[in-house]
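Each chain gets a letter, A, B and so on, in the order the sequences are listed, and its residues count up from 1.
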2 protein chains.
Amino acid sequence: MPQPRPVDDAATAQGGRRPGMTDVARLAGVSQKTVSRVINGERYVSDNIRQRVLRAAQQLGYRRNTAARALITGRFRRIGFVSLGTADYGPASLLIALERATRAAGFSFTVATTLEGGHDKISDAIRWLLEQGIDGIVISEPVDEGEKLEIDPGVPVLSFGKLPGLSGSHVVFGGADGVAAARTATEHLLELGHDTVWHLAGPQRWWAARDRREGWRRALDDAGATPPPLAEGDWSPASGYKAGTALASDPSMTAVFVANDEMAIGMIRALNEAGRAVPDDVSVIGFDDIPSAAYLSPPLTTMRQDFEAVAAHGLDLLIQQIEGTSAEPDSKPLRTDFPADLIVRQSAAAPSHDRRNDAPSRKEVQ
Amino acid sequence: MPQPRPVDDAATAQGGRRPGMTDVARLAGVSQKTVSRVINGERYVSDNIRQRVLRAAQQLGYRRNTAARALITGRFRRIGFVSLGTADYGPASLLIALERATRAAGFSFTVATTLEGGHDKISDAIRWLLEQGIDGIVISEPVDEGEKLEIDPGVPVLSFGKLPGLSGSHVVFGGADGVAAARTATEHLLELGHDTVWHLAGPQRWWAARDRREGWRRALDDAGATPPPLAEGDWSPASGYKAGTALASDPSMTAVFVANDEMAIGMIRALNEAGRAVPDDVSVIGFDDIPSAAYLSPPLTTMRQDFEAVAAHGLDLLIQQIEGTSAEPDSKPLRTDFPADLIVRQSAAAPSHDRRNDAPSRKEVQ
DNA sequence: GCACACTCTGACTACGTTGTCATAGCGTCC
DNA sequence: GGACGCTATGACAACGTAGTCAGAGTGTGC
């Protein structure tokens with residue numbers, strides 16, 4: 001402090017300094033501690049004084065100093081969010097849903113992205129967040145980076161999928177059940193009469209992508225269908241296009257379950273260019289139900305997840321961990337049964353050899 | 001603290017308490033202040049001691065306490081980001097680009113969303129962020145909510161578009177120049193030979209939407225074209241579809257500039273259903289260049305913005321404001337010339353009455 | 001009328017860091 | 001060889017809040 005603070009200025013805090021509880025207290029004619037009680041809504045404050053303090057706070061434009069509060073409580077009321085930093089619909093939706101849930105719980109929400117494939121890994125993002133001061137971490141898109149993560153076991157972590165390195169107090173939360181969802185999609189295609197179902201998977205470093213592959217695989221096994229070779233993309237339409245070009249030449253392929261809608265768009269385009277119509281020659285099911293899915297040509301049959309519910313429940317678990325509320329081991333409502341909905345549109349149909357009406361109506365949307 | 005802290009435990013901090021500089025100092029055999037110097041990379045510390053301190057810090061797993069630091073410095077090194085909370089490509093991309101730029105500048109990045117149209121307005125989000133303790137605010141999607149915002153003039157604010165209530169120290173930054181971009185798109189259609197160009201605008205409460213409308217309007221005026229009535233959507237494919245259905249019946253409409261790609265998708269579908277082919281009967285240009293744009297049918301001609309550059313420059317201005325570096329009024333490099341690129345694909349073509357080759361090739365992608 | 005519980009308020013202190021100032025050692029200049 | 005500057009270190013205060021504890025006031029029961 002350059003100057004030793006102008007004497008002890010009048011009732012209101014002058015000098016441009018942000019007012020603190022002490023200033024409010026002076027104006028209201030009470031002690032700083034009483035202001036603290038009012039601000040925190042504690043009991044044992046008379047209405048009379050409460051009003052006076054609130055008025056003074058209002059008048060001075062008082063805002064609580066989070067730093068001082070965090071310093072003494074040791075809690076930041078702040079959640080860190082690790083994201084791969086893609087603008088894709090799924091991750092972006094989850095981010096938003098989690099921010100809402102976080103704020104509703106009275107926590108603030110700090111984001112750290114990690115360039116996919118770059119040098120900047122999940123552990124770096126976590127380290128950065130820990131340096132910022134947070135009470136818990138959410139890893140929304142767990143990716144297996146080969147090396148085992150070293151996460152401080154004292155920090156509550158919510159991961160939407162298993163991740164090597166998680167243990168102890170970390171919460172691993174399935175989130176929307178990707179296995180079941182993928183199974184639903186695959187079964188839908190089988191029920192339409194397709195002999196088997198191809199799969200364009202997401203990058204297998206992603207646990208979400210592995211889950212979907214697993215669900216696809218199980219559905220085929222249960223139905224006794226022969227699993228065709230697996231194709232793998234990187235979630236982008238470009239990778240879907242590339243895979244579609246490769247697959248299009250195989251006349252036995254009549255149905256594909258694509259791990260996300262974006263890749264499905266690329267896939268459909270490649271199929272069309274190769275002269276194979278969707279769904280007349282090939283049925284395609286996507287995943288995510290992006291907003292434009294209903295308006296594509298053809299409107300995309302896809303799986304829709306309830307991000308809001310998943311985020312709210314996952315965050316609930318994390319906050320229990322942070323507050324230490326989940327001491328009793330019996331009170332673990334670890335729901336993983338957030339089913340995804342099959343949204344039937346027009347990109348999947350019965351294979352042409354046993355279809356009755358030769359083409360589905362194209363007029364109906366959604 | 002319930003118990004008065006176990007005496008003054010050995011060199012290493014026991015008792016589960018997180019180690020502080022004092023603990024590191026004790027272990028290294030120096031004063032706490034010296035540890036502070038080492039951690040902050042200050043000068044005037046001998047290499048010998050620096051090494052000893054770093055080793056001790058490492059050994060204890062020391063992490064600096066941001067709260068204590070913020071308390072005394074009065075700076076949080078934290079940027080607040082106000083978003084409308086949609087998972088759309090544009091806003092999501094800007095969020096990610098800003099997070100990257102923010103972290104690169106050594107600031108952390110806290111998000112607050114505000115439900116569009118809900119009771120939860122921008123000012124609420126700002127108030128929340130201020131309570132969390134931040135040094136500056138970014139408003140990525142400024143929306144005119146009717147009421148004038150009351151923003152503390154002492155808080156640096158970066159807004160990607162004008163907003164009533166901004167003044168003083170607030171930075172209003174054009175970002176990518178929506179007016180120029182819209183003009184480019186419109187002129188492209190005019191140059192293709194269309195008599196005039198329709199416009200499906202975004203919600204006019206958004207400044208970004210107003211900019212695009214303005215650019216469209218100016219291009220028409222300059223060309224002496226008659227401006228057709230304005231249609232307005234809400235950025236969603238559904239609203240594009242609705243507008244498209246309404247517009248399709250007008251045979252004079254041969255070219256539309258749509259304010260974002262999502263609406264363009266809905267628009268194209270509606271036109272197709274009404275029997276009007278794109279681009280044979282109607283040309284459509286979108287805005288954003290979403291990843292799937294190249295793989296739609298037809299591949300979408302659209303405008304691409306450089307979010308990275310815009311975010312980096314905008315954040316630069318904000319941080320200058322925060323650090324008070326921009327005292328000299330001459331050093332204001334307020335660039336607003338981030339041009340958007342016209343990405344020519346196949347959804348826009350010459351009007352059929354003067355087209356030479358009757359249909360463009362559909363094979364080429366991107 | 002005394003004990004006791006409950007309500008309300010304030011004094012004091014600790015949280016972990018950085019800013020200020022003091023001081024000691026050492027080399028350099030004239 | 002004294003003055004001076006530079007390097008290196010530590011003692012101490014201060015930031016604004018919440019926790020602890022003490023104490024004053026006000027019933028309530030017997």
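Between the C1' atom of dG16(C) and the CD atom of Glu131(A) lies a distance of 16 Å, rounded to the nearest Å. Rounded to an integer number of Å, the gap from Arg52(A) CZ to dC8(C) C1' is 13 Å. Taking atom CG on Asn65(A) and atom C1' on dT17(D), their separation rounds to 8 Å, with Å as the unit. Residue Phe76(A) contributes atom CZ, which lies 16 Å from atom P of dT17(D) at whole-angstrom precision. Between the CD1 atom of Ile39(B) and the C1' atom of dT17(C) there is a distance of 11 Å, given to the nearest Å. Going from atom CG of Asp23(A) over to atom C1' of dC15(D) covers 13 Å, rounded to whole Å. At whole-Å resolution of the value, NZ in Lys33(B) and P in dT18(C) are 7 Å apart. Separating the CG atom of Leu71(B) from the C1' atom of dA13(D) is a distance of 13 Å, rounded to the nearest angstrom.
Where Val45(A) and Gln32(B) meet DNA chain C, the nucleotide closest to each residue was compared, and Val45(A) sits on the side nearer the 5' end. Comparing Arg43(A) and Arg64(B), the nucleotide of DNA chain C nearest to each residue sits closer to the 5' end for Arg43(A).
The side chain of Ile72(A) lies closest to dA14(C), out of dT9(D), dT18(C), dA14(C). Closest to the side chain of Arg69(A), out of dT9(C), dA18(D), dT17(C), is dA18(D). With dT18(C), dT17(C), dA11(D) as the choices, the nucleotide that has an atom nearest any side-chain atom of Thr73(B) turns out to be dT18(C).
Between Ala57(A) and Val24(A) the shortest heavy-atom distance is N-CG1, 3.8 Å. Contact detail for Glu131(A) and Arg63(B): the closest heavy-atom pair is N-CD, 4.2 Å.
Residues Ile79(B) and Ile322(B) meet the side-chain proximity criterion, which asks for heavy atoms closer than 4.5 Å. At least one side-chain heavy atom of Phe109(B) sits under 4.5 Å from a side-chain heavy atom of Leu95(B).
The side chain of Ser36(B) places an N or O atom within less than 4.0 Å of a non-bridging phosphate oxygen (OP1 or OP2) of dT18(C). Taking only side-chain nitrogens and oxygens, Tyr44(B) comes nearer than 4.0 Å to OP1 or OP2 of dT7(D). For Tyr62(A), a side-chain nitrogen or oxygen approaches OP1 or OP2 of dT17(D) to under 4.0 Å. Note on Asn40(B): a side-chain N or O is less than 4.0 Å away from OP1 or OP2 of dT18(C). Contact check, Thr34(A) against dG10(C): a side-chain N or O comes under 4.0 Å of OP1 or OP2. When the side-chain nitrogen and oxygen atoms of Ser46(B) are compared with OP1 and OP2 of dT9(D), one or more of them lie within a distance under 4.0 Å.
Residue-level contact check: Ile49(B) touches the backbone only, with heavy atoms under 4.0 Å from sugar-phosphate atoms and none from bases. Nucleic acid contact for Arg37(A): base, since at least one base atom lies under 4.0 Å from a heavy atom of the residue.
Partner of Phe160(B) under the ring-ring contact (aromatic ring centres under 6.0 Å, His included) criterion, out of Trp207(B), Phe81(B), Phe307(B), Phe173(B): Phe173(B) alone.
In this structure, Arg77(A) is positioned above the aromatic face of Phe107(A), its NZ or CZ under 6.0 Å from the six-membered ring centre and within 45° of the axis.
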